[in-house]
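Below is one structure; the comments refer to it alone.
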Amino acid sequence: MAELFEVVRERIESKNWTAGVVGLGYVGLPLALAAVAKGIPTIGFDVSTARVDSMNAGMSHIDDISDAELADGLANGFRATANEADLAEADAIFICVPSPLGRNRQPDLSYIEAAANAVSRFARPGQLICLESTTYPGTTEDFLIPAVEAAGLELDGNVWLAFSPERVSPGDDMKTAEIPKVVGGVTADSGTLAASVYSQIVPSVHPVSSSAVAEMSKLLENTYRAVNIGLINELAQLAHELDIDIWEVVEAAATKPFGFQAFWPGPGVGGHCIPLDPQYLAWRAKEANFATRFIDTAEQINSRMPVYTASRVADLLNENELPVFGTKVVAIGVAYKPNIADDRESAAYDVVRELTRRGADVSIYDPIVGSERIESQGFKATEEISGNAIAVVLTDHASFDFEKLASLVPIVFDARGVYRRLKISAANVVAL
């Protein structure tokens, strides 16, 4: 079996290998095209036949990959398939499927389980299989070892397993091929092969001692952010009670050249990482009978920010002798972060729900997300700003004309601090 390991390592080091990517969403498709750009033939598998057909026709379904970039990938060695058996052709498999939370905020591992079941059907001797989906420490071992054993394979005998957390940030300029990768093998040989594979795709690889360390490193990255966002959101509420401008406070603290990183308040957290990842760690901690007090406190603060934001809007309306009930409110932006159409787990929707629950007549303006998507979520979309009593800035897309916005409505509630950041002075703007 040692001979096979050396054969596979030589194949990888000589760049004579094929990549396979399971899941062609925000993580999988950029990874597949990054591999192709390095001269590695890549097979991308997705369960959606419609999505596969669209990609093979050169039409991208994600913001960060243009049709031209996809077409270039197709011309240079990428192909999408809805037939999982095609993945048997690949020497290294990267699993990039979603890992959301369930209704009770428990980990939903159904996508990872489905991918593992697929592995049990297509895996063959000589393959390296890497999980990239964010999840709790131990998942790679819990799901992939039984999968390869069900395929009649032996870990470190004729198949190798590893974990490398995805670090995609939709809408950011840094591409997948530019982001360093943490890599941890279930075994030492698995880690060696995985590090060799990733080093041919990304600029730097940081090997760690195990897949569990790699899994927990991703959870630490986003738990760090969630906890610090929770802190600044709590301080924002305190500053409001003390009649202090929290934005000015953060700007002042950020002048310290060491020991401080600026985090900014907002209407809540959203997206595919920060609201979810700490809960995977907290869930795993409960299994170990360990209390994650910082994580739980941050979760409570952040999850209540949409209600706090709606309360501030209601207070502003009352101060201007307007009721909440029946008053027209326009929410500006509903994506979870600026300049993308991604509205997964967006706190903006929660603000709109809370204002609607209180009787406000709320519509959403976000041409980047688009009216069709907004209305498919059960909300009212609009292209009209004037005629509303108040505009609530929930996403600060760069394409929005915020100076014009302030001229179209009597009141603007800025939950993102964009007016201060852009140095736009308007007497009718109130910040979170």
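When a residue number appears, it is its place in the shown sequence, counting from 1.
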- Message: Is there a side chain to side chain contact (heavy atoms under 4.5 Å, CB included) between Ile232 and Ile246? Walk through the geometry before answering.
- Response: CA-CA 9 Å; Ile232 195 59; Ile246 189 62; 4.1 Å; yes

- Item | side chain to side chain contact (heavy atoms under 4.5 Å, CB included) evaluation trace for Lys380 with Val362 | CA-CA 7 Å; Lys380 181 167 63 174; Val362 188; over 6 Å; no

- Query: Which is it for Met216 and Leu281 under the side chain to side chain contact (heavy atoms under 4.5 Å, CB included) test, yes or no, and what are the steps along the way?
  - Reply: CA-CA 8 Å; Met216 192 161 178; Leu281 192 54; 4.1 Å; yes

- Item | Leu161 vs Ile145, side chain to side chain contact (heavy atoms under 4.5 Å, CB included): CA-CA, chis, key distance, verdict | CA-CA 8 Å; Leu161 304 174; Ile145 291 178; 3.7 Å; yes

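Relative ring orientation between Tyr224 and Phe263 is described as perpendicular, the plane-to-plane angle rising above 60° on a 0-90° scale split at 30° and 60°. In this structure, Tyr308 and His240 have perpendicular ring planes: the angle between them is above 60°, well past the 30° mark.
In Tyr111, the OH atom is not crowded: 12 or fewer heavy atoms of neighbouring residues, nucleotides or ligands sit closer than 6.0 Å. The environment of CD in Glu372 is sparse: at most 12 heavy-atom neighbours from other residues, nucleotides or ligands sit within 6.0 Å. Within a 6.0 Å radius of CZ in Phe294, other residues, nucleotides and ligands contribute 12 heavy atoms or fewer. The neighbour count for Arg344 CZ, taken as heavy atoms of other residues, nucleotides or ligands under 6.0 Å away, is above 12. Within 6.0 Å of CD on Glu234 lie no more than 12 heavy atoms contributed by other residues, nucleotides or ligands.
Atom OG1 in Thr42 sits 10.5 Å away from atom CG in Leu29 (nearest 0.5 Å). Rounding to the nearest 0.5 Å places OG of Ser190 at 5.0 Å from CG of Asp156. Interatomic distance, CD1 of Ile295 versus CD of Gln279, reported as 7.5 Å (0.5 Å rounding).
Contact of the Tyr419 side chain with the Val412 side chain is registered, since non-hydrogen atoms from C-beta on lie closer than 4.5 Å. Taking the side chain as every heavy atom from C-beta outward, Arg11 and Val7 approach each other to under 4.5 Å. The shortest distance between side-chain heavy atoms of Phe379 and Val334 does not fall below 4.5 Å.
There is a side-chain donor-acceptor pair under 3.5 Å between Arg358 and Ser311. Side-chain contact of Ser110 with Asp108: a donor-acceptor pair under 3.5 Å is present, judged by distance alone.
Side-chain atoms of Asn233 do not come within 3.5 Å of backbone N or O of Asn302 as any donor-acceptor pair.
A cation-pi arrangement is not found for Arg421 relative to Phe402, the charged atom failing to lie both closer than 6.0 Å to the ring centre and inside a 45° cone about the ring normal.
Salt bridge absent: Arg225 and Asp277 never bring a charged side-chain N and a carboxylate O closer than 4.0 Å. Ionic pairing of Arg284 and Glu215 is not present here: no N-O contact between side-chain nitrogen and carboxylate oxygen is shorter than 4.0 angstrom. Using a 4.0 Å cut-off between charged nitrogen and carboxylate oxygen, Lys218 and Glu221 do not count as a salt-bridge pair. Of the charged side-chain nitrogens involved, at least one lies within less than 4.0 Å of a carboxylate oxygen, so that Arg353 and Asp350 count as a salt-bridged pair.
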